[in-house]
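Notes follow the structure.
The model shown is predicted, which means the values in this text are computed figures rather than measured ones. Every number for a ligand or one of its atoms is a count from 1 in the order of the listing.
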Amino acid sequence: MERTLVLVKPDGVQRGMVGEIISRLERRGIKLVALKMMLVDQALAHRHYGEHEGKPFFQGLVDFITSSPLVAMIWEADDVVEIVRGTMGQTNPKNAAPGTIRGDLGVNIGRNLVHGSDSPESAQREVALFFKEGEILDYNRNNDPWITEP
Ligand code: IDP
């Protein structure tokens, strides 16, 4: 089963959007298997956003993500990376479709509320950065056959 890392970034926590964002993902039908609130330190921020090092917005991004607590989660489903990216909407909320998290709740690329891994490979890397294996729960939901055809 595919997993993805989702972060409600500091702006989402400060604006009281944690419940709204989790609710949208839950309603989609995907499965929550890990969740915690945390303050990201400089080292983790640099590792998580390493691919953007050198870009003009990098320092602002690191300062922002370390500025205040965030909520980190792992969600599970077949093709969950693609499903979550669709529910989040495009990176820049200005261009994100209505009905998506960013398209409904945001206006600015540097305050786009939520992170979701962009490929199954980065999901594996990011899940391991934020969570220990023991923090990820394995459980059954008895309504799964009503969400996904067995
Ligand atoms: P993603 O979050 O949709 O995967 P990425 O391109 O991986 O988008 O960028 C990571 C994060 O960096 C974005 O979510 C956004 O917060 C920030 N970011 C990306 N491009 C810009 C920019 O041009 N200005 C300010 N922040 C940016």
- hydrophobic_cluster_shared for Val81 and Val6, side chain cutoff 4.5 Å: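 As far as the 4.5 Å side-chain criterion goes, Val81 and Val6 are not connected within one cluster.
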- Query: Can you tell which of Leu7, Val8, Leu113 makes a side chain to side chain contact (heavy atoms under 4.5 Å, CB included) with Val13?
  - Reply: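 The single option meeting the side chain to side chain contact (heavy atoms under 4.5 Å, CB included) with Val13 is Val8.
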- Item | Cation-pi check, Lys9 onto Phe64 ring (under 6.0 Å, within 45° of axis) |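 No, cation not above the ring by the 6.0 Å, 45° rule.
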Can you list the atoms of ligand 1 that are under 4.0 Å from a heavy atom of [X]?
{"X": "Lys9", "answer": "13 (C), 14 (O), 16 (O)"}
{"X": "Arg85", "answer": "1 (P), 3 (O), 4 (O)"}
{"X": "Asn112", "answer": "13 (C), 14 (O), 15 (C), 16 (O)"}

- Item | His48 contact mode with ligand 1 (heavy-atom cut-off under 4.0 Å) |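 It is neither; nothing of His48 touches ligand 1.
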- Item | Under-4.0 Å heavy-atom contact with ligand 1, by part of His52 that carries it |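 The answer is the side chain.
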- Task: Would you confirm whether Arg102, through its side chain, and Ile109, through its main-chain N or O, come within 3.5 Å as a donor-acceptor pair?
- Result: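 Not confirmed, Arg102 side chain does not pair with Ile109 backbone.
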- Message: If I apply the N/O under 3.5 Å rule, does Arg102 come out as touching ligand 1?
- Response: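 So ligand 1 has an N or O lying under 3.5 Å from an N or O of Arg102.
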- Message: Below the 3.5 angstrom mark, is there an N/O of Asp118, backbone or side chain, next to an N/O of ligand 1?
- Response: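 No, no N or O pair falls under 3.5 Å.
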- Message: Counting only heavy atoms from other residues, nucleotides and ligands, does the tally under 6.0 Å from CG of Asn143 exceed 12?
- Response: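 Check passes, neighbour count above 12.
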- Item | Parallel, tilted or perpendicular: rings of His115 and Tyr49 (30°, 60°) |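 Ring orientation, 0 to 90° scale: perpendicular.
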- Item | Spacing of CZ belonging to Phe130 relative to CE belonging to Met73, to within rounding of 0.5 Å |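 Reported to 0.5 Å precision, the distance equals 11.5 Å.
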- Item | Which residue and heavy atom of the protein sit nearest atom 12 (O) of ligand 1, plus the separation |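 The closest one turns out to be Leu61 CD2, 3.4 Å.
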- Message: For atom 27 (C) of ligand 1, what's the nearest protein heavy-atom neighbour? Residue, atom name and distance, please.
- Response: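 Answer for atom 27 (C) of ligand 1: Phe57 CD1, 3.5 Å.
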- Message: Could you work out, for atom 8 (O) of ligand 1, the closest of Ile109, Thr91, Leu7, Asp11 by heavy-atom distance?
- Response: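 Nearest option to atom 8 (O) of ligand 1, by heavy atoms: Thr91.
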